[in-house]
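Report on the structure given below.
All values derive from a computational prediction rather than experimental measurement.
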2 protein chains.
Amino acid sequence: MKVFGKRTSEGSRQITQKKEKLKNFLKEKGLKSTRQRDLIASEFLKIGEHITAEELYREINKKYSDIGYTTVYRTLKLLNKSGLAAERVFADNLTRYEPLSAEDHHDHLICMKCGSITEFQELKIERLQDRVAEEFGFLAVSHKMELYGYCNKCKDNA
Amino acid sequence: MKVFGKRTSEGSRQITQKKEKLKNFLKEKGLKSTRQRDLIASEFLKIGEHITAEELYREINKKYSDIGYTTVYRTLKLLNKSGLAAERVFADNLTRYEPLSAEDHHDHLICMKCGSITEFQELKIERLQDRVAEEFGFLAVSHKMELYGYCNKCKDNA
DNA sequence: CATCTAATTGAAAATGAATTTCAATTTCCT
DNA sequence: AGGAAATTGAAATTCATTTTCAATTAGATG
């Protein structure tokens, strides 16, 4: 099994690459590079964790109080369209975003006590999923798999 | 693999049993049996499919125009609490309810074109999930797995 | 069966996250 | 530098979900 564990902030190398990719995307689509988009993308990539638009806005707002919530929201949507961010909705029904690399693709363990989100990928499960789909004559395009429970820390002191 | 396929309306036997279970739940909790609850539960169980509160309300409203949306909504919540209905949220972010039996537990194939929902259960996948959780020292309590793609009908004429 | 209390009902209002509107501002092409 | 088009931020809107509240009803008790 491929283990990712908790996300950590990406290195500056990857961040630079991703911001380059965003710039290309913008140019390609006839959109503009702006100070706001640059700062929001940087902060988002730096934080690295699954984060809501609201949470990211709060972080941004500490440093750049002139940047509004709507712009943060729209920039996350933009990052999603450009393939740099994934939109995820877990059991609390909030939309979270996470930095995404080209081939990146994984599932989640979610702690019902502390809310921590851990990532994993298990190819055996994916192969079985494909087999299940096939049995139904179903053409599988994507999937969503979440395990809810208690993380190592929380299961003990609970 | 255990195959359920699409849901179909339950037999009157099961419906009667479930309504009995609801009555017991109500009595147990000091709640009341009402005409509305009875009619809503019957219709919900008869339809059997994954359905939103809004959709069920529309059905109910055709036959019993005096029953309001709020009551349908609240009755579905009640069925959920009593263990007779599962609440599900798929990619469109709408809350759907489906009749649930005691041991019933399954995952979903969702057609991205026609929206049809098919159920399946694959014990091998579940075993692997448990193993993954274990590796992280995670205590798994429940899970959610959805495969999105195109169903047999839609994948051809698309 | 009448009474009483607490639960239920339906309409309307409130909530809250996500999205859109719009006038002012900024980007960036020429 | 000029100008068209995109962007921004605040406020407004949307839309499903949830709550409120006054009127009604269930059903336990006398």
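Nearest-nucleotide mapping onto DNA chain C: of A/R74 and B/Y57, the residue sitting toward the 5' end is B/Y57. Comparing B/A53 and A/L26 by the nucleotide of DNA chain D that holds the closest heavy atom to each, the one mapping nearer the 5' end is A/L26.
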Please list, for nucleotides 24-28 of chain D, all pairs of protein and nucleotide N/O atoms separated by less than 3.5 Å.
from   : atom 1 : to    : atom 2 : distance (Å)
D/dA26 : O3'    : B/S33 : O      : 3.1
D/dA26 : N3     : B/K32 : NZ     : 3.0
D/dG27 : OP1    : B/S33 : N      : 2.9
D/dG27 : OP1    : B/S33 : O      : 3.4

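Residues B/L22 and B/L84 meet the side-chain proximity criterion, which asks for heavy atoms closer than 4.5 Å.
For the pair B/E43 and B/K63, the salt-bridge criterion is met [side-chain N within less than 4.0 Å of a carboxylate O]. No salt bridge links B/E87 with B/R96; every basic N to acidic carboxylate O contact stays at or beyond 4.0 Å. A salt bridge links B/R88 with B/E98; the closest basic N to acidic carboxylate O contact falls under 4.0 Å.
Remark: side-chain polar atoms of A/T71 are not paired, donor with acceptor, to backbone N or O of A/I67 under 3.5 angstrom. For A/E55 (side chain) and A/T52 (main-chain N/O), a donor-acceptor pair under 3.5 Å exists by modelled atom type. Formation of a donor-acceptor pair under 3.5 Å by the B/E49 side chain with backbone atoms of B/I51 is not found in this model. No side-chain donor-acceptor contact under 3.5 Å links A/K46 to the backbone of A/S12. Looking at A/K32, its side chain never comes within 3.5 Å of a backbone N or O of A/K27 through a donor-acceptor pair. Judged by distance alone, with hydrogens and angles left aside, the side-chain atoms of A/Y148 form a donor-acceptor pair with the main-chain N or O of A/A91 at under 3.5 Å. The main-chain N or O of A/F120 is never found under 3.5 Å from a side-chain atom of A/D107 such that the two would form a donor-acceptor pair.
The stretch residues 61-73 of chain A touches DNA chain C through A/Y69, A/T70, A/Y73, each having a heavy atom within less than 4.0 Å of the strand. Residues from residues 85-95 of chain B placing a heavy atom under 4.0 Å of any atom in DNA chain C do not occur.
For the helix from C/dC1-D/dG30 to C/dT30-D/dA1, the axis fitted to the five pairs at one end and the axis fitted to the five pairs at the other end meet at an angle of 20° (nearest 10 degrees).
Residues satisfying the ring pair (Phe, Tyr, Trp, His ring centres under 6.0 Å) criterion with B/H108, sequence neighbours excluded, are B/H50, B/F90, B/H106.
You can see that DNA chain C meets the heavy atoms of chain A within a 4.0 Å-exclusive cut from C/dA17 to C/dC28, reading 5' to 3'.
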For this session: Give the C-alpha distance, both sets of side-chain angles, the deciding distance and a yes or no for side-chain contact (heavy atoms from CB on, under 4.5 Å) between A/Q121 and A/E126.
Result: CA-CA 9 Å; A/Q121 188 176 34; A/E126 315 214 339; 4.1 Å; yes
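One interatomic measurement links the two molecules: CD of B/E54 to C1' of D/dT17, which rounds to 11 Å at whole-angstrom precision.
Judged purely by distance below 3.5 Å, without hydrogens or angles, the side chains of B/K19 and B/S42 pair a donor atom with an acceptor atom.
Rounding to the nearest 0.5 Å places CG of B/L56 at 5.5 Å from CG of B/L76.
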